[in-house]
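Shown next, in structure tokens, is the structure this report addresses.
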Amino acid sequence: MSNDSSSKLAKWREKYGAIVIALSCLLSAITIWGDNWILTGILVLGVLICGTIGVFDVKRAIKKKN
């Protein structure tokens with residue numbers, strides 16, 4: 001039973017992990033918008049890069065499922 005739940009978690013993390021990180025970067029960037037422009041820029045880049053990786057991960061998982 002423990003292996004089944006951990007494998008589900010691993011599959012979920014593999015599929016949606018980058019999107020969750022991108023959303024975290026987005027929320028952090030919105031929170032500190034204007035206070036520190038360098039950190040805001042880094043977080044916005046993180047949103048773009050991790051979001052792109054996440055979209056391709058989901059597409060790959062859908063294609064693999066079919």
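Because only heavy atoms are used, hydrogens play no part in the values below, and waters and symmetry mates are left out as well, while side chains stay in.
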Can you confirm whether [X] sits close enough to [Y] that some side-chain heavy atom of one is under 4.5 Å from a side-chain heavy atom of the other?
X: Leu26; Y: Ile30; result: yes
X: Glu14; Y: Arg60; result: yes
X: Ile32; Y: Leu43; result: yes
X: Trp12; Y: Val20; result: yes
X: Ile42; Y: Trp37; result: no

[X] [atom1] to [Y] [atom2] distance, which is reported to the nearest 0.5 Å:
X: Ile21; Y: Ile49; atom1: CD1; atom2: CD1; answer: 12.0 Å
X: Ile62; Y: Lys15; atom1: CD1; atom2: NZ; answer: 6.0 Å
X: Leu23; Y: Ser28; atom1: CG; atom2: OG; answer: 10.5 Å

For a quick test of reading the model, state the closest non-hydrogen atom pair linking [X] to [Y] and the distance between them.
X: Gly34; Y: Thr40; answer: N-OG1, 4.2 Å
X: Ile19; Y: Gly54; answer: CG1-CA, 3.6 Å
X: Asp35; Y: Thr31; answer: OD2-O, 4.5 Å
X: Ala22; Y: Gly51; answer: CB-N, 3.5 Å

